[in-house]
Amino acid sequence: MRIIKLDENVKTDILSTLLKRDPNQYSTYANTVQEIVDTVKSRKDEAVFAYTKQFDKADISADTIRVTKEEIDEAMSLVDPKLLSVMKQSMENIRVYHEKQKRNSWFDAKPDGTILGQKILPLASVGVYVPGGKAAYPSSVLMNIVPAKVAGVERIVMVTPPGKDGNVNPVTLTAACLAGATEVYKVGGAQAIAALAFGTESIPKVDKIVGPGNIFVALAKKAVYGHVSIDSIAGPSEILVIADETANPRYVAADLLSQAEHDELASAILVTTSAELAEQVSKEVDTFVQKLSRKEILEKSLENYGYILVADSLDEAIDTANAIASEHLEIVTKNPFEVMTKIRNAGAIFIGEYSSEPLGDYFAGPNHVLPTNGTAKFFSPLGVDDFIKKSSIIYYSREALEKVHKEIIAFAEAEQLTAHANSIRVRFEDADNQ
């Protein structure tokens with residue numbers, strides 16, 4: 001990996017380079033995606049079946065698009081019992097963590113005759129997109145469905161592309177069943193997002209769409225936003241490690257590569273106060289890359305978006321981490337908890353040398369659907385709050401409104417909204433005219 005002395009110009013250049021990975025930059029695909037979305041909106045099932053044949057080489061019809069109970073039962077029988085056990089443990093950890101995020105409706109009644117409050121309800125329906133084909137991502141299934149289930153969403157619809165044989169990966173189906181999906185449909189890509197957003201003869205419309213996907217899925221989610229809610233426009237994966245001379249270079253190198261292997265656009269950055277550690281990590285990375293199965297992806301990812309930055313001080317390293325606002329942030333320093341208190345921008349923070357990033361991806365419990373491309377400055381991990389909606393509650397008795405009605409009228413008239421003022425005035429016109 002390249003080693004660079006950190007300064008303001010370097011930081012600015014890296015930030016500029018990383019932002020080029022934003023899905024919003026890929027305008028060349030936008031027209032294609034919009035055409036798919038519009039076609040599904042107008043032709044519904046017919047378009048979904050045609051695009052599935054075109055892109056996934058699978059023949060799907062109204063009779064076969066929805067996964068049956070028999071298919072789920074068969075899928076569960078095919079999964080390795082050891083993997084099934086791990087998935088159940090992971091799901092329980094995710095459930096327990098997200099249970100702590102639940103909030104209740106509240107009401108504040110006062111002696112003056114007013115009641116204010118907030119009513120919290122789960123969304124009625126949510127669509128969960130899960131990448132498919134040959135690959136299986138049961139962890140993504142659990143991370144997206146479990147918090148929706150905890151929030152109380154009644155209808156959780158999962159969509160995932162089928163293989164050429166028209167079947168869904170057994171591990172993916174098993175995870176969906178365990179997590180509590182109410183329906184699973186064999187459709188992927190932009191056409192799946194459009195189907196969830198507008199509804200077809202086979203797939204009823206949902207209120208919100210969540211879940212990761214490729215650039216076509218990301219742009220489709222952007223295209224349908226407003227017709228439905230979405231979680232985010234996710235960019236490529238990224239990790240940033242803050243380390244000092246106490247860090248184990250072998251651990252740091254392994255953790256950097258854990259994210260670089262996702263795809264060629266993934267970013268892996270080490271910011272360290274130790275030039276010696278920088279050299280050691282670079283050598284360990286080179287050694288690991290030669291042994292790991294996704295060698296070509298790792299090499300391209302590191303060539304384009306991999307950096308080892310040597311900082312003059314820990315404060316400079318922390319400032320850089322806050323500026324980059326990485327999806328995953330590991331702190332491997334002498335006093336990692338102290339450093340953690342100074343971190344403002346990160347999707348998930350991993351503290352200490354035994355809290356490696358894959359722990360969060362698969363098992364610990366916090367959600368692995370995280371803000372990317374610097375959006376951790378204003379976005380949060382997926383959670384229960386993404387699957388609820390809130391309504392404000394307002395009650396005033398006549399006596400309570402009478403005390404303040406003239407002030408409200410004055411405020412409305414200051415904005416020249418006379419109908420607003422009149423709505424208050426008519427309730428007290430007899431008393432005010434006396």
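Numbers here simply count residues along the sequence, with the first being 1.
Looking at residues two or more places apart in sequence or on another chain, you find a side chain to side chain donor-acceptor pair (under 3.5 Å) between Asn367 and His98. When the side-chain contact (heavy atoms from CB on, under 4.5 Å) test is applied to Leu15, the partners found at least two apart in sequence or on another chain are Lys11, Ala323, Ile324. Not a single side-chain contact (heavy atoms from CB on, under 4.5 Å) links Asp13 to another residue, sequence neighbours left out. Listed by chain and residue number, nothing satisfies the side chain to side chain donor-acceptor pair (under 3.5 Å) test with Thr333 (two or more places apart in sequence, or in another chain). Here Asp207 pairs with nothing under the salt bridge (Lys or Arg N to Asp or Glu O under 4.0 Å) rule; sequence neighbours left out. Residues passing the salt bridge (Lys or Arg N to Asp or Glu O under 4.0 Å) test with Arg294, sequence neighbours excluded: none. Residues satisfying the side-chain contact (heavy atoms from CB on, under 4.5 Å) test with Ala321, not counting sequence neighbours, are Leu240, Ile242, Leu329, Ile343. Scanning for side-chain contact (heavy atoms from CB on, under 4.5 Å) contacts around Glu154 gives an empty result, with sequence neighbours left out. For Asp263, there are no salt bridge (Lys or Arg N to Asp or Glu O under 4.0 Å) partners at least two apart in sequence or on another chain. Partners of Glu245 according to the salt bridge (Lys or Arg N to Asp or Glu O under 4.0 Å) rule, which considers only residues two or more places apart in sequence or in another chain, do not exist here.
Between Val228 and Leu196, every side-chain heavy-atom pair lies at or beyond the 4.5 Å cut-off. The closest side-chain heavy-atom distance from Asn248 to Val332 is not below 4.5 Å. A heavy-atom distance below 4.5 Å is found between the side chains of Leu173 and Val184. Within the 4.5 Å cutoff, no side-chain heavy atoms of Val153 are placed close to those of Lys208. Within the 4.5 Å cutoff, side-chain heavy atoms of Glu357 are placed close to those of Glu330. Side chains of Ile65 and Ile203 form a contact here, defined as non-hydrogen atoms less than 4.5 Å apart. In this structure the side chain of Ser140 reaches within 4.5 angstrom of the side chain of His368, judged on heavy atoms. Side-chain atoms of Leu83 and Ser85, non-hydrogen and from C-beta on, never get closer than 4.5 Å to each other.
Pairs passing the ring pair (Phe, Tyr, Trp, His ring centres under 6.0 Å) check and including a residue from residues 185-221, sequence neighbours excluded, read Tyr29-Phe216, Phe198-His227. Listed by first and then second residue, the ring pair (Phe, Tyr, Trp, His ring centres under 6.0 Å) pairs involving residues 307-333 amount to none (not counting sequence neighbours).
For Lys221 against Ile209, the heavy-atom pair with the smallest separation is CE-O, 4.2 Å. Nearest heavy atoms, Val369 versus Met143: CG2-CB, 4.4 Å. The two atoms that bring Ala243 and Leu277 nearest to each other are CB-CD2, 3.6 Å, heavy atoms only. The two atoms that bring Ala195 and Val40 nearest to each other are N-CG1, 3.7 Å, heavy atoms only. Listed here is the closest heavy atom pair of Val384 and Pro147: CG2-O, 4.0 Å. Scanning all heavy atoms of the two residues, the minimum distance from Ala151 to Pro122 falls at O-CB, 3.2 Å.
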List the steps and the verdict of side-chain hydrogen bond (donor to acceptor under 3.5 Å, both in side chains) for Ser61 and Asp63.
CA-CA 5 Å; Ser61 67; Asp63 294 328; 4.5 Å; no

Margin query: Pair Met340, Ile349 - check side-chain contact (heavy atoms from CB on, under 4.5 Å), show working.
Written below: CA-CA 8 Å; Met340 181 271 293; Ile349 303 172; 4.1 Å; yes

- Query: Going through the checks in order, is the side-chain contact (heavy atoms from CB on, under 4.5 Å) test met by Met158 and Ile156?
  - Reply: CA-CA 7 Å; Met158 191 181 93; Ile156 303 173; over 6 Å; no

*Just do the side-chain contact (heavy atoms from CB on, under 4.5 Å) check on Phe387 and Val126 with the steps written out, would you?*
CA-CA 8 Å; Phe387 300 101; Val126 169; 3.7 Å; yes

task = Evaluate the salt bridge (Lys or Arg N to Asp or Glu O under 4.0 Å) criterion for residues Asp385 and Arg103: first the C-alpha distance (whole Å), next the side-chain angles of each, then the deciding distance (0.1 Å), finally the verdict.
result = CA-CA 9 Å; Asp385 280 353; Arg103 293 188 285 170; 3.3 Å; yes

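The number of heavy atoms from other shown groups lying within 6.0 Å of NE2 (His420) does not exceed 12. Annotation for Gln416: atom CD does not count as buried by contact number, only 12 or fewer foreign heavy atoms lying within 6.0 Å. The number of heavy atoms from other shown groups lying within 6.0 Å of CZ (Phe55) is above 12. Other residues, nucleotides and ligands contribute over 12 non-hydrogen atoms within 6.0 Å of the CZ atom of Phe378. Other residues, nucleotides and ligands place no more than 12 heavy atoms under 6.0 Å from the CD atom of Glu338. No more than 12 heavy-atom neighbours from other residues, nucleotides or ligands sit within 6.0 angstrom of CZ on Phe411.
The pair Glu71-Lys186 counts as a salt bridge, with a side-chain nitrogen and a carboxylate oxygen less than 4.0 angstrom apart. No salt bridge links Glu92 with Lys88; every basic N to acidic carboxylate O contact stays at or beyond 4.0 Å.
Atoms OG1 and CG, from Thr320 and Leu6 in turn, are 4.0 Å apart once rounded to the nearest 0.5 Å. Atom CG of Asn373 sits about 6.5 Å away from atom OG1 of Thr375, to the nearest 0.5 Å. Rounded to the nearest 0.5 Å, atoms CG (Leu265) and OH (Tyr305) are 5.0 Å apart. The distance from atom OG1 of Thr52 to atom CG of Asp45, rounded to the nearest 0.5 Å, is 10.0 Å. Of the inter-residue distances, the one linking Gln191 atom CD with Asp56 atom CG reads 6.5 Å to the nearest 0.5 angstrom. One finds the NZ atom of Lys222 at 10.5 Å from the CD atom of Gln34 (value rounded to the nearest 0.5 Å).
Under the side-chain hydrogen bond (donor to acceptor under 3.5 Å, both in side chains) rule, Gln259 has a single partner from Ser267, Ser301, Ser237, Ser326, which is Ser237. Ile269 pairs with exactly one of Ile14, Ile239, Val241 by the side-chain contact (heavy atoms from CB on, under 4.5 Å) rule, that one being Ile14.
Side-chain atoms of Thr114 and Asp112 include a donor-acceptor pair closer than 3.5 Å.
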